[in-house]
Amino acid sequence: MKNLLFTRIPSICICFTLIVIGDWGLNLLWGDGVSLFLPILFVWLVACQFIDLIIGKIEFRKWSHYCITESAVLYLLSLFVYRLFIWDSMDIFTLVSFTVIFLVTDGFVFWYFHKRQEIQAKEINQLIHAMKADDYLSRSGQ
């Protein structure tokens, strides 16, 4: 349950929000109408969580290797899904726009979870330090 509440749901929400904002901005600039983008995007983001779950089972030597592998897999699969369901055609502008939005979103998501883990580790270390200090004081008779 904690994994769902602290990892999966925020990841879906962050990705969805940033991509929707990016799409909205591009539609505003291009003057495009409404599409099936949002429902397809949501289903794809849920599928990405399952892909992440599978990739997360692989033991990487470094966290950066995991990040690069997941980013590459999701980028390529996302290109395929978008070409199949969203884009009628793909030109260089579409590819560059997609790549920029993907990289910004992906980078932010990795930064967000890395920062959360740092904060949680700091809190745990503070608790351990406080417990050791309390234990030391109780042994010294104070």
Side-chain angles (χ1 to χ4, degrees), residues 1-140:
M1 185 65 164
K2 185 175 179 181
N3 186 20
L4 175 67
L5 294 175
F6 286 89
T7 303
R8 303 296 165 208
I9 292 173
S11 180
I12 291 169
C13 293
I14 291 167
C15 290
F16 188 82
T17 302
L18 291 174
I19 293 169
V20 167
I21 290 170
D23 182 62
W24 174 78
L26 293 176
N27 282 337
L28 191 62
L29 289 173
W30 296 333
D32 290 343
V34 178
S35 69
L36 293 175
F37 177 75
L38 294 180
I40 293 170
L41 174 64
F42 182 76
V43 170
W44 177 238
L45 288 175
V46 172
C48 286
Q49 293 304 307
F50 288 108
I51 294 167
D52 176 59
L53 194 61
I54 293 167
I55 293 173
K57 301 234 182 252
I58 300 170
E59 292 189 30
F60 292 93
R61 290 182 186 221
K62 294 182 179 180
W63 185 71
S64 62
H65 295 165
Y66 161 77
C67 294
I68 291 167
T69 301
E70 183 189 55
S71 296
V73 167
L74 290 180
Y75 177 78
L76 293 173
L77 289 174
S78 294
L79 274 176
F80 175 75
V81 167
Y82 278 59
R83 179 63 183 104
L84 191 63
F85 294 108
I86 302 293
W87 299 324
D88 294 331
S89 64
M90 183 164 53
D91 58 14
I92 191 69
F93 185 73
T94 303
L95 182 63
V96 169
S97 297
F98 174 81
T99 302
V100 168
I101 291 170
F102 180 89
L103 291 174
V104 168
T105 303
D106 194 52
F108 179 77
V109 169
F110 278 120
W111 172 84
Y112 170 79
F113 287 109
H114 183 70
K115 197 65 171 167
R116 263 182 70 151
Q117 288 174 345
E118 282 180 355
I119 291 168
Q120 288 174 334
K122 184 179 178 181
E123 290 172 349
I124 290 168
N125 286 334
Q126 288 172 343
L127 287 171
I128 291 170
H129 182 69
M131 288 173 54
K132 285 182 179 179
D134 288 344
D135 187 43
Y136 174 76
L137 289 175
S138 67
R139 281 193 222 163
S140 65

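- Separation of atoms OG (S71) and CG (L103) is listed at 8.0 Å; rounding is to 0.5 Å.
- With contacts defined as side-chain heavy-atom distances shorter than 4.5 Å, the pair L18/I101 does not qualify.
- Within the 3.5 Å criterion, the main-chain N or O of C48 finds no donor-acceptor partner in the side chain of D52.
- Formation of a donor-acceptor pair under 3.5 Å by the R83 side chain with backbone atoms of W87 is found in this model.
- With a 4.5 Å cut-off on side-chain heavy atoms, L74 and F102 count as touching.
- Of the inter-residue distances, the one linking I9 atom CD1 with Q49 atom CD reads 10.0 Å to the nearest 0.5 angstrom.
- Taking 4.5 Å as the limit, every side-chain heavy atom of L79 sits out of range of all side-chain heavy atoms of T99.
- Distance check: F110 CZ to Y66 OH gives 5.5 Å after rounding to the nearest 0.5 Å.
- Side-chain N or O atoms of T94 include none that pairs as donor or acceptor with a backbone N or O of M90 at under 3.5 Å.
- Taking CH2 from W111 and SG from C67, the interatomic distance works out to 14.5 Å, rounded to the nearest 0.5 Å.
- In plain terms, the two heavy atoms of I12 and L45 that are nearest each other are O-CD1, 4.0 Å.
- Between F98 and S78 the shortest side-chain heavy-atom distance falls below 4.5 Å.
- Residues F42 and V20 form no side-chain contact, since every pair of their non-hydrogen atoms from C-beta on lies 4.5 Å or further apart.
- Nearest approach of C15 to T105, heavy atoms of both residues: CA-CG2, 3.8 Å.
- Annotation: the span from F50 atom CZ to I55 atom CD1 amounts to 14.0 Å, rounded to 0.5 Å.
- Around OH of Y75, the count of heavy atoms belonging to other residues, nucleotides or ligands within 6.0 Å exceeds 12.
- Within 6.0 Å of CD in E118 there are more than 12 heavy atoms belonging to other residues, nucleotides or ligands.
- Y112 pairs in a side-chain hydrogen bond (donor to acceptor under 3.5 Å, both in side chains) with only one of the listed residues (K115, R116, H114), which is R116.
- Using a 4.5 Å heavy-atom threshold, the side chains of I40 and Y82 count as separate.
- Here the CD1-NZ distance, from I124 to K122, works out to 13.5 Å after rounding to the nearest 0.5 Å.
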